[in-house]
Asker: 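Structure incoming, see below.
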Amino acid sequence: MTNRPDLPPEIARRRTFAIISHPDAGKTTLTEKFLLYGGAIQMAGQVRAKGEARRTRSDFMKMEQERGISVSASAMSFDFDGHRFNLVDTPGHSDFSEDTYRTLTAVDAAIMVIDGAKGVESQTRKLFEVCRLRDLPILTFCNKMDRESRDTFEIIDEIQENLAIDVAPASWPIGVGREFIGCYDMLHDRLELMDRADRNKVAESVKMDGLDDPKLADHIPADLLEKLREEVEMARELLPAFDRQSFLEGHMTPIWFGSAINSFGVQELMKGISEYGPAPQPQNTAEREIAPEEKAVTGFVFKVQANMDPKHRDRVAFVRLASGHFERGMKLTHVRWKKPMAVTNPVLFLAADRELADEAWAGDIIGIPNHGQLRIGDALTEGEALRFTGIPSFAPELLQSVRATDPMKAKHLEKALMQFAEEGAAKVFKPMIGSGFIVGVVGALQFEVLASRIEIEYGIPVRFEGSQFTSARWVAGPKDKVEAFVNANKGHIAQDHDGDMVYLTRLQWDIDRVARDHPELRLTATKEMMV
């Protein structure tokens, strides 16, 4: 990292990150407050509020609004503190983990939100592992400190033990639950006090000369002050001091404490991202590493969202720019098709509004409306044939067959399913024998989402039924051997939407048998989404 050339100022001020957490840790609320401070929205809508106010700005799919969960990852850009933040919201629900994994390929850092009472939960652990695979720097925000929460040292210990990462406190909470009045900023020796009266107002911060400053007594009750001095002294002795290099390499996470719903601690966290967070990082391709400061524009599609505007059957491909300075109207080469593609109406997402992007730089995320030309994993370049690596596709854990309740709509159903497959919302398999399709997903809630989306967006009521198959594996190996295997096992073979061969299994025994009888074939549970 040290011998890289300086980035152009426009690229160096970009901060592209995702927020990861277990459902209900307060991720959507935190996203809202980020947008509020970034000036992207005037009044933060609450996830649990009544009527109109509860339609939070980042959740636009009908089902998300009804259930108060984020299902699809959306991207938002806003300015704060002289930096351009590109925030990619990830689905918090565990049934949508694949979408989240892919989102994490498009960011340079992640914010992990932890509930002060519950600590590290299962989904957080899973997502953390993905960040670890990519060595993503992680900033931690311990939320809900204004409710009864656990001891601060206990929370930090749990993160260190469970996630095997060093934790450096960036702030220290003063009081918990009802007593919680604010935090002491350990990186800048400041007192940050919470304003409970007006949740959308910025709380005050008071500059201090360390913890011995007599001014502290004016703001903090004596018993809490004594406890704070004791705890901070212990923390400074027992816990590592913040080291930016170690954080950028993914070995250390700074932790801030606060309450997103009371807008407390959020600005400190945002300042932490702008001050310490990584600028756009080099991206890997099969051919070479791409540095953000390169002149030629390159980017890859990490997400496709269909029907963002129900009135138009549009699909928006979310593209992470890996290098260069993009300008509207540019002709970029669509690497998979080997054809130029004029990007005339790229959009930037500013909370719920989209606006045309006249320009964008490496690190930015732009949406390109298209009619199905762009798929997950596609590369766009100024002519160079590149294939970006590390965008995974996972074997589904649940399989069901699907049919339209009206047999006359079978053809339309095929089209709808193909769209969802290209969007990455589900795997769609066409068995070699028999009609109909088998749909595979990672979590059961996705079947509900698919059924509701097929009905709302395409007007086709569908039924999902149990399938005799329990899992799917991609088949790879020498062409003649694959063909012979396919012919001998037609009842188990299907094709995915890319036309690749998939072996549908009922039991683990099926997989073991293939490994024993066909040692030259490989059955894999993941497939790189490379073109």
Side-chain angles (χ1 to χ4, degrees), residues 4-5 7-8 11 14 16 75 101-108 133-134 280-305 315-346 357 359-394 418 421-424 474-479 482 495-501 522 524 526-531:
R4 297 238 340 262
L7 291 175
I11 296 178
R14 300 292 193 260
T16 305
Y101 292 149
R102 281 201 295 266
T103 300
L104 292 173
T105 60
V107 296
D108 302 308
L133 289 173
R134 307 199 58 246
Q281 295 297 300
Q283 301 288 330
N284 290 320
T285 68
E287 292 72 23
R288 62 189 187 82
E289 189 178 73
I290 292 185
E293 66 272 10
E294 288 177 27
K295 291 278 184 282
V297 172
T298 58
F300 60 92
V301 178
F302 66 93
K303 177 180 171 63
V304 175
Q305 178 77 48
R315 290 199 219 186
V316 173
F318 286 82
V319 175
R320 152 77 195 231
L321 291 178
S323 66
H325 176 204
F326 166 85
E327 291 177 279
R328 187 157 74 107
M330 262 179 128
K331 272 199 165 50
L332 294 176
T333 303
H334 185 314
V335 174
R336 179 166 52 94
W337 283 10
K338 303 183 177 60
K339 281 186 185 156
M341 177 177 178
V343 186
T344 47
N345 49 357
E359 58 168 5
W361 296 79
D364 280 339
I365 286 166
I366 56 172
I368 300 181
N370 67 95
H371 293 291
Q373 298 94 320
L374 290 170
R375 302 211 308 231
I376 291 171
D378 273 348
L380 293 172
T381 69
E382 286 196 56
E384 189 179 353
L386 294 172
R387 289 168 307 157
F388 285 87
T389 55
I391 303 172
S393 180
F394 297 93
M418 286 305 156
E422 285 177 15
E423 196 183 306
W474 282 281
V475 184
K479 200 169 171 208
V482 172
Q495 282 185 326
D496 70 6
H497 76 285
D498 292 324
D500 291 334
M501 287 299 161
R522 285 194 327 279
T524 59
T526 55
K527 164 174 116 164
E528 279 258 344
M529 311 261 305
M530 268 169 54
V531 184

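Index from 1, following the sequence.
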Asker: Go through the steps to decide whether Arg375 and Val301 satisfy the test side chain to side chain contact (heavy atoms under 4.5 Å, CB included), and finish with yes or no.
Answerer: CA-CA 7 Å; Arg375 302 211 308 231; Val301 178; over 6 Å; no
Asker: Return the minimal non-hydrogen interatomic distance between Phe300 and Ala106, and the atom names on each side.
Answerer: CZ-CA, 4.1 Å
Asker: Got a second to check how far Leu332's CG is from Met341's CE, nearest 0.5 Å?
Answerer: 8.5 Å
Asker: In Å and rounded to the nearest 0.5 Å, what is the CD to CD distance from Glu382 to Glu294?
Answerer: 11.0 Å
Asker: Do we see a donor-acceptor contact under 3.5 Å between the side chains of Thr298 and Ser323?
Answerer: yes
Asker: For a 4.5 angstrom cut-off between non-hydrogen side-chain atoms, does Phe326 reach Ile366?
Answerer: yes
Asker: Do Glu293 and Pro8 make a side-chain contact, defined as non-hydrogen atoms from C-beta onward lying under 4.5 Å apart?
Answerer: yes
Asker: Please check this pair: side chain of Asn345 against backbone of Val343, looking for a donor-acceptor N/O pair closer than 3.5 Å.
Answerer: no
Asker: Which pair of heavy atoms, one from Asn370 and one from Ile368, lies closest together, and at what distance?
Answerer: ND2-O, 3.0 Å
Asker: Just one of Asp108, Thr389, Thr105 clears the side-chain contact (heavy atoms from CB on, under 4.5 Å) bar with Gln283, so which one?
Answerer: Asp108
Asker: For residues Pro282 and Ile290, determine if any side-chain heavy atom of one lies less than 4.5 Å from a side-chain heavy atom of the other.
Answerer: no
Asker: On a heavy-atom basis, which atom in Ala476 and which in Val482 lie closest, and how many Å separate them?
Answerer: C-CG2, 4.2 Å
Asker: Between Thr381 and Gly383 (side chain of the first, backbone of the second, donor and acceptor by atom type, cut-off under 3.5 Å), is there such a pair?
Answerer: yes
Asker: Nearest 0.5 Å, please: how far is CD in Gln281 from CZ in Arg14?
Answerer: 15.0 Å
Asker: Kindly compute the distance separating CG (Leu386) from CG (Asn284), expressed to the nearest 0.5 Å.
Answerer: 11.5 Å
Asker: Hey, what do you get for CD1 (Ile365) to CZ (Phe302), rounding to the nearest 0.5 Å?
Answerer: 4.0 Å
Asker: Is a salt bridge present between Arg387 and Asp378, judged by a nitrogen-to-oxygen distance below 4.0 Å?
Answerer: no
Asker: Applying side chain to side chain donor-acceptor pair (under 3.5 Å) between Trp474 and each of Asp496, Thr524, Asp500, Asp498, report the one that passes.
Answerer: Asp496
Asker: Apply salt bridge (Lys or Arg N to Asp or Glu O under 4.0 Å) to residues Arg320 and Asp364 and explain how you reach the verdict.
Answerer: CA-CA 6 Å; Arg320 152 77 195 231; Asp364 280 339; over 6 Å; no
Asker: Please report the shortest heavy-atom distance between Leu321 and Ala360, naming the atom on each side.
Answerer: CD1-CB, 3.6 Å
Asker: In chain order, what residues pass the ring pair (Phe, Tyr, Trp, His ring centres under 6.0 Å) check against Trp361, with sequence neighbours excluded?
Answerer: His325
Asker: Just verifying a value: how many Å separate His497 NE2 and Gln495 CD, rounded to the nearest 0.5 Å?
Answerer: 12.0 Å
Asker: Checking Glu384 against Arg288 for the side chain to side chain contact (heavy atoms under 4.5 Å, CB included) test, could you report, in this order, the C-alpha distance in whole Å, the side-chain angles of both residues, the deciding distance, and whether it holds?
Answerer: CA-CA 11 Å; Glu384 189 179 353; Arg288 62 189 187 82; 2.9 Å; yes
Asker: Can a donor-acceptor pair be found, under 3.5 Å and without considering hydrogens, that links the side chain of Thr16 to the backbone of Gly363?
Answerer: yes
Asker: Before you tell me yes or no, could you show the steps for Leu374 and Leu380 under side chain to side chain contact (heavy atoms under 4.5 Å, CB included), namely the whole-Å CA-CA distance, both residues' side-chain angles and the distance that decides it to 0.1 Å?
Answerer: CA-CA 9 Å; Leu374 290 170; Leu380 293 172; 4.0 Å; yes
Asker: Check Pro292 against Pro280 and note the closest heavy-atom contact, atom names and distance.
Answerer: CG-O, 3.3 Å
Asker: Students often mix this up, so state it plainly: with edges at 30° and 60°, are the rings of His334 and Trp337 parallel, tilted or perpendicular?
Answerer: parallel
